[in-house]
Engineer: 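Take this structure first; my questions come after.
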Amino acid sequence: DVIKVGVVGPFSGGAALQGRNFQAGIEAYFALHGKTVGEHEIEVIYRDLPAADPGQSAALTQELIVGEGVQYLAGYYYTPDAMAAAPILEEANVPMVIFNAATSAIVNASPLVVRTSFTTFQTSTPMATVARERGISKAITVVSDYGPGIDAETAFVRAFGAAGGETVQSVRMPMTTVDFSPIMQRIKDSGAEAVFAFLPAGPQTLGFMTAFVENGLKDAGVQLLAPGDLTQESDLPVLGPNAAGMLTTFHYAVSHNSPENIAFIEAASNWLGNPDELSFPAVGAYDGMTVIARMIEATDGRQDAAAAVEAVKGMEWISPRGPVSINPENRHLTQNIYLREVAEVEGKWINHELQVFENQGDPGWVAP
Amino acid sequence: MSILEVRNLSKRFGGLNVTNDISLVLNPGDRVALIGPNGAGKTTFVNLVTGHLKADAGQVLIAGQDLSTASPTARVHAGLVRSFQVTRLFPDMSPEEHVALAILQRLNRAERIFGDYRAMPDVMDEAYSILDLLNLTPLARTRVSDIAYGQQRLLEIALAMALRPKVLLLDEPAAGVPSSDTVLIEKALDQLPPDLAVLMIEHDMDFVFRFARRVVVLAAGTLIFDGTPQQVAADPHVREAYLGSYAE
Amino acid sequence: MSQPRTLPLLKRGFLGDIISLAVMIAIAVICFHFMPSNLSFFTRIIAIMLLVLAIDLVTGFTGIATLGHAALYGAGAYAAGIAAAKFGINDPILMLLIGVVAGAIMGLISSLVILRGHGLSQLVLSIAVVQLAREAANKFSGWTGGSDGLSGISPAPLFGTWRFDLWGRTSYWLAVVLLLVTFFLLRQLVRSPFGKLCQAIRQDPVRVRAMGAPVYLTQVKMYAISGAVAGLGGALSAVATKVVGLDSLSFELSAEAVVMLVLGGTANLFGAMIGSGVFMWFEHTMATINPYHWLTIVGALLVVVVLFAPRGLTGMAETLYNRLIGGLRK
Amino acid sequence: MTAASLTISGLTAGYSQTRILEDIDLSVPAGGRTAVLGRNGMGKTTLFASIAGQTRRHGGTIRLDNTELTALDGAARARAGLGYVPQNRAIFRSLTVEENLLSGLKDRPRSAIEEAYTLFPRLAERRQNMGGQLSGGEQQMLTTARTILGQPRLLMLDEPLEGLAPVICDALMEAFTQLAASGTMTILLVEQRLKAAFDFADTIVILERGRVAWQGTSAALQADTATIDRLLGVGH
Amino acid sequence: MQTILSIGVDAFAYGMVLFVISIGLSVTMGLMKFANLAHGAFAMIGGYVASYATQALGWHFGFALLAAVAACMVLAVPLERFLYRRFYGASELRQVLMTIGLTFMIIGIANWLMGPTLKTIALPPALQGPVDIGFRSVPAHKIFAAVVGLLVAIGLWLLIERTFFGVKLRAAVDDAPMAEALGIRTKIVYAISFSIAIGLAALGGVVGAQLLPIEPQYALHHMVTFLVVVSVGGAGSIGGALAACLILGTVKTTGSYLMPEFGNFFFYLAVIAIVAVFPNGLMGRAK
Ligand SMILES: Nc1ncnc2c1ncn2[C@@H]1O[C@H](COP(=O)(O)OP(=O)(O)OP(=O)(O)O)[C@@H](O)[C@H]1O
Ligand SMILES: Nc1ncnc2c1ncn2[C@@H]1O[C@H](COP(=O)(O)OP(=O)(O)OP(=O)(O)O)[C@@H](O)[C@H]1O
Ligand SMILES: [Mg+2]
Ligand SMILES: [Mg+2]
């Protein structure tokens, strides 16, 4: 029989690249593990949701469940889209595996939500330790003024303070900022030794890092710190020179050296055609498929959402990103967070892993 | 009592003194023609009186009430209505709709959000009596953009009539209407209530002399003459500056 | 003249209204039976339809250009959502009413700003309004959930009987009824003296003033009415989706709704509905067929429609109809 | 520049699908002065607009001397020697008076605009004003002057006296008569005031519902009061 | 003091970049009365051409810039002939619909041809480094953008206000049939003007690419900014557009420095304030 998985993601619009990476991750999974689990064949149905748009998300989700009869929902790049789908899961008896949306609270929206990506809290918190270890005592945070940005700021400030550092200022910039010179001036005037920044992956990061260099902050020795969203591999070819030396913490680097990752990259790049387009959402999707396969196996193809989710609580496996496990309490991934440095290796800009923070949970999660 | 009184009205455009300390009184029943060379400031004067332009100085009183700073709308409510030199109508609407809307507005019913004027006998009857008068009934449901210019001019007058003004300011109502058809306009004007005061700007002297009982001449922003048609025709200045061969 | 001057009820377009309502009900029933899996999507279309109708009222009928009408829609959505999520007002009818009121108030406020400009500057003022509204919603994330969206809305069963279920039947029928009622009321509105006045204002406000009719006040009133309709749309989406996101206050939504209106044909309530229905359906189908490149096809559709149907789809239908009638007469 | 003759045969034209003019035949000799008369809405303006290339032509031909105009667009017709003063004046509202005049020069030198100021001294006083700010009569002067500056060989005037003071009307009709007499222009005039039309024209054409209803000399028409009443009188 | 000067420099540079990109739109919207929302799409095409020329073909920046402008001007000819021409004088809403449709298509095609990733334009060494202007240093490419902006402003102003071509263009826009009747070849005048406006878009796209990076969504992302600048300045007014860019640039830059969390608030409040006081824009032609 055929088990349908509905995947909602941004396949067009500003985040089209991330949607492509969803599909790349899924195709990589099929290439490496086949399309069948036991006797059950997996069929994936894609729906495009180019921007955060809960109304459309709810409509697409409902159509997938009612019209296409999907047994599993997956994908979801933006938080509100995931939130809009969550209320109908129980009635539909369908589990949802989130490939990306990174707000801690989503898992509380329904007991049928499992997440195989990361949260911004999870990736940002270790950066405070990194900063302290490098002798930085005064930092400034600069984030885009929206949910994930605020999460990143809160996570860093909290952890940095706990580690004895001082956040001298917290700056929130409008999402539409294109000229970052005034922000750089402000960083300069704040006298901080390091900047902790968060911007959504994409075109803005180029302007930000260019301004960082052009306004002399790099030369002045200010250390730029950020979660890995800012240096996703697909942006690195253009960011490269300006981002060199920048430190990021993240759950996955394309350059991660493990047999699992090498196999994964080969399969994903195969599908993408251009290996430069590979980015972190692909690994979220790949692991998401691993989880879904386990769910299918455990329920033997029956539609029993509660049993399926129950079956993956505490599941452990080796992901391309390293060893991971699903926290039975909040159904979120416990994983390694890596400290990386942007560096040029053999003519290619990569996130070079320097240090590992093992088995990190989600510090931003609050039990409901 | 005067129905319209203009006191010392003045207006400048940059260096140009378009309206120069003009005072003028209209009494109920007056039929006044305002003539003068092109660019003398006639249209500007009307715009100042109706409030479409803001005067630099001077006052406008309607029925004794000072409306110098009132909005054009308030002046219409006080009974001051105008037509436009270049027709200004609603291209997508029919003559029937035009006239009905004007009547509704006069009756203070234009802002009702329910009901359809086509079901209101009083409005429809009055509208058609006006359209009949101006021979517009055959075109009553044609879009204005599809009817000829001359007929649009008649509709301008129909609109003014529907508002039942106390003072009517007509800016070249017969321009572009063949001399034969100006008869229709004259007929319409004859039907106006006798106590209505009419001030008409017009360059067609035949029309002026048939219509007006009083003529006011404006030149370079200044009132230079105020008298009967006969006196005007006899005045050498006016003949030279304005009438030309007509006076012969 | 003795010929009767007033027109009987049916000749004033009432018959047309009844027929249109019947056709709309028929379509609603057909959609329900033959595409049951798309009910949520239809509900969403109707919510957007209400927004497009609202834009038609101010842009098509009154001539006020706007690219910021989502501010009114979003106000309705957030008001209904906040009432439910933060104040526990879960009755769907009450939520809708709150949305209507909030939309009308937002309409009033934004009209005060937008009516300061003309033409292009009016457009830009409307954009500024919607951007400010969005910034505000982002800032007050304690109330609105910010960019994560406002969740935790769980409307009670409609009239205590019909649950808002997975199948979306309740929301669908609720939406259909709201649309029918709104359509009928708006038909009366645009034929009323007030409606005619608005149409006159669109064509020449100076002339309207010279007739002694108020322009500004009429526009403000129409904006408030339009706000109520848009707010209803927003509240409907909050009830049906159970989440309100910043997208409901976005320039993109405003612009897309205007596109739908022009596509269908302005100054024509059918145009607003057909435009939004066709656009969203087409977009949805294209996106399902090819999630990656549907935008190109949608863009091509728009260009083709404006090229060959200058007055929108309804204008095209009208021309075809006239040709047909003309042809038959010959 | 010498005047050109105009020959129209079988012209049928209108706006989009509607036909306003039906099967018009008309010929005006070079240097002729023809008045086109008719009640409101009979198609006078449409006739001029059709010659200028601004309407939809359904059939027929229009020749200026030996040039067939129907294949040409508006600009080419103007360059072939057509001048058109439209009834609605069509002033470029956002251009100054001077720029309005410049726009009519075709390829003549800039200095030629002084001719316009000589004809209408009033315009010289307002040369830096925007077209839209002019008074009605001033706009009428401007539109006429602008077209004459292009030295057309056939000049079409659609109610050029509308809104002008009687003295100016005199001066203008005088100027038109001279232009025609000097052999540089053929003139076609639409005028509502019969007296002015009779004084000016040698030939008269009367339109009735888009067709030529009467054609003859000015003197013949003046003598024929029955026709005047029937075609130009109050028709009801 | 140092800080104020510094903000002033940033504001000026940012404003000039905005100006270079939006002035072409001001010409189409103000002079040709065409609401060309696809303006950003042409700027983006210019950016792609220059990026391809510098990165893939290794051309010098100067040649790439010229190539981008020329390519867009050439592309404009058939588009004008077969698409835009049919919408002159059409209602603004139809123009908006058509150009949004066109934008969607261009985005789709860009995504398909060039991929969804960011593209950069390689600058020549002369434009790469910082330039010391006494109290601080400014990136050379910003100075370059400012100079280009000023040159464009002067050149356009001369063309429109001081040449016969300018008169013809404005006449054709005001009343095309009348302009034709006066012998003005409006179709050619329009085609040339349109082509120039698109060339300016491309120029802006290339020169401004350091601030507004080239990617498929470029065409939509910045549409609002362009519209705002044009209307605040007064469509069709070159001086107005310049003033608007500098004022809005200052508001945005100062806001970003002092209270970044309210950056857009101030920006849009300023827009509302300016437009409320000058409904036709700072130097708009009154209707
Ligand atoms: N807004 C304005 N700015 C500058 N000058 C103006 C403006 N409006 C009108 N004028 C000038 O004021 C003068 C008077 O204009 P007005 O329209 O009042 O004349 P008029 O007496 O009605 O003339 P006509 O008989 O030709 O219609 C004209 O010379 C005109 O150019
Ligand atoms: N743009 C248009 N579209 C459709 N019909 C038009 C248009 N312009 C004029 N008509 C119609 O064409 C007919 C002839 O109009 P035209 O303007 O040629 O008459 P005219 O003889 O010049 O009248 P007038 O003396 O009023 O100027 C009229 O019935 C009019 O309704
Ligand atoms: Mg006048
Ligand atoms: Mg005419």
Side-chain angles (χ1 to χ4, degrees), chain D residues 48-55 69 72-110 113 130-133 139 142-156 158, chain E residues 26-34 80-81 85-86 88-91 157-193 233-240 279-281 283-287:
Chain D
F48 280 12
S50 305
I51 298 172
Q54 297 178 358
T55 62
L69 293 186
L72 306 180
D73 70 2
R77 293 182 195 207
R79 289 179 176 268
L82 219 58
Y84 179 31
V85 176
Q87 184 173 13
N88 64 5
R89 295 170 186 157
I91 293 303
F92 302 128
R93 300 180 65 83
S94 60
L95 269 61
T96 63
V97 167
E98 184 135 327
E99 288 169 339
N100 263 283
L101 293 171
L102 286 175
S103 71
L105 280 179
K106 297 198 182 142
D107 298 323
R108 301 181 66 200
R110 214 170 236 270
I113 60 170
M130 290 291 162
Q133 294 173 342
Q139 292 188 355
L142 181 56
T143 183
T144 304
R146 190 175 61 181
T147 300
I148 290 180
L149 280 181
Q151 295 184 325
R153 298 155 63 211
L154 177 86
L155 177 62
M156 295 184 289
D158 197 350
Chain E
S26 187
V27 170
T28 24
M29 292 194 72
L31 292 176
M32 305 181 64
K33 297 282 181 306
F34 204 113
E80 196 273 347
R81 175 70 187 74
R85 183 174 292 178
R86 293 162 195 253
Y88 293 141
S91 78
W157 185 83
L158 287 176
L159 178 71
I160 291 164
E161 300 292 336
R162 284 285 171 271
T163 64
F164 214 58
F165 179 82
V167 171
K168 286 181 180 173
L169 169 61
R170 286 181 285 137
V173 171
D174 228 347
D175 188 337
M178 189 63 225
E180 287 251 311
L182 291 170
I184 297 172
R185 295 186 185 94
T186 54
K187 292 192 182 103
I188 296 177
V189 171
Y190 260 87
I192 295 176
S193 315
S237 157
I238 292 147
N280 292 313
M283 298 187 196
R285 297 161 192 269
K287 298 261 164 64

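Because only heavy atoms are used, hydrogens play no part in the values below, and waters and symmetry mates are left out as well, while side chains stay in. Within every chain, numbering begins at 1; the chains are lettered A, B, ... in the order of the sequence lines, protein sequences first and strands thereafter.
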Engineer: For the atom pair OG (D:Ser94) and CG (E:Asp175), what is the distance rounded to the nearest 0.5 Å?
Structural biologist: 10.5 Å

Engineer: Looking only at heavy atoms, what is the nearest atom pair of E:Leu182 and D:Thr147, with distance?
Structural biologist: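 Heavy-atom minimum between the residues: CD2-OG1, 3.9 Å.
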
Engineer: Please name the pair of heavy atoms, one in D:Leu105 and one in E:Phe164, separated by the smallest distance, quoted to 0.1 Å.
Structural biologist: CB-CZ, 4.3 Å

Engineer: May I ask you to test the E:Arg170-D:Phe92 pair for a side-chain heavy-atom distance under 4.5 Å?
Structural biologist: no

Engineer: Does atom CZ (E:Arg85) have a neighbourhood of more than 12 heavy atoms from anything else shown, all under 6.0 Å?
Structural biologist: yes

Engineer: So, do E:Arg185 and D:Arg79 sit near enough that their side-chain heavy atoms are less than 4.5 Å apart?
Structural biologist: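 Contact flag for E:Arg185/D:Arg79 side chains = yes.
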
Engineer: So what's closer than 4.5 Å to chain D heavy atoms on E:Ala176: side chain, backbone, both or neither?
Structural biologist: neither

Engineer: What residue, out of D:Ala75, D:Ala49, D:Ala78, D:Ala80, has the most heavy-atom pairs lying under 4.5 Å from chain E?
Structural biologist: D:Ala75

Engineer: Pick from D:Asp73, D:Asn88, D:Asn100, D:Leu82: which one has the most heavy-atom pairs with chain E under 4.5 Å?
Structural biologist: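 Most pairs with chain E among the choices: D:Asp73.
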
Engineer: Minimum heavy-atom separation for E:Val167 to D:Leu95, with atom names?
Structural biologist: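 E:Val167 and D:Leu95 have their closest heavy atoms at O-CD2, 3.9 Å.
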
Engineer: Please classify the contact between D:Ala52 and chain E as side chain, backbone, both or neither, with a heavy-atom cut-off of under 4.5 Å.
Structural biologist: neither

Engineer: If I take atom CE from residue E:Met178 and atom CZ from residue D:Arg89, how far apart are they, to the nearest 0.5 angstrom?
Structural biologist: 13.0 Å

Engineer: Given a strict heavy-atom distance threshold of 4.5 Å, which part of D:Glu99 is in contact with chain E: side chain, backbone, both, or neither?
Structural biologist: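 Both parts, backbone and side chain.
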
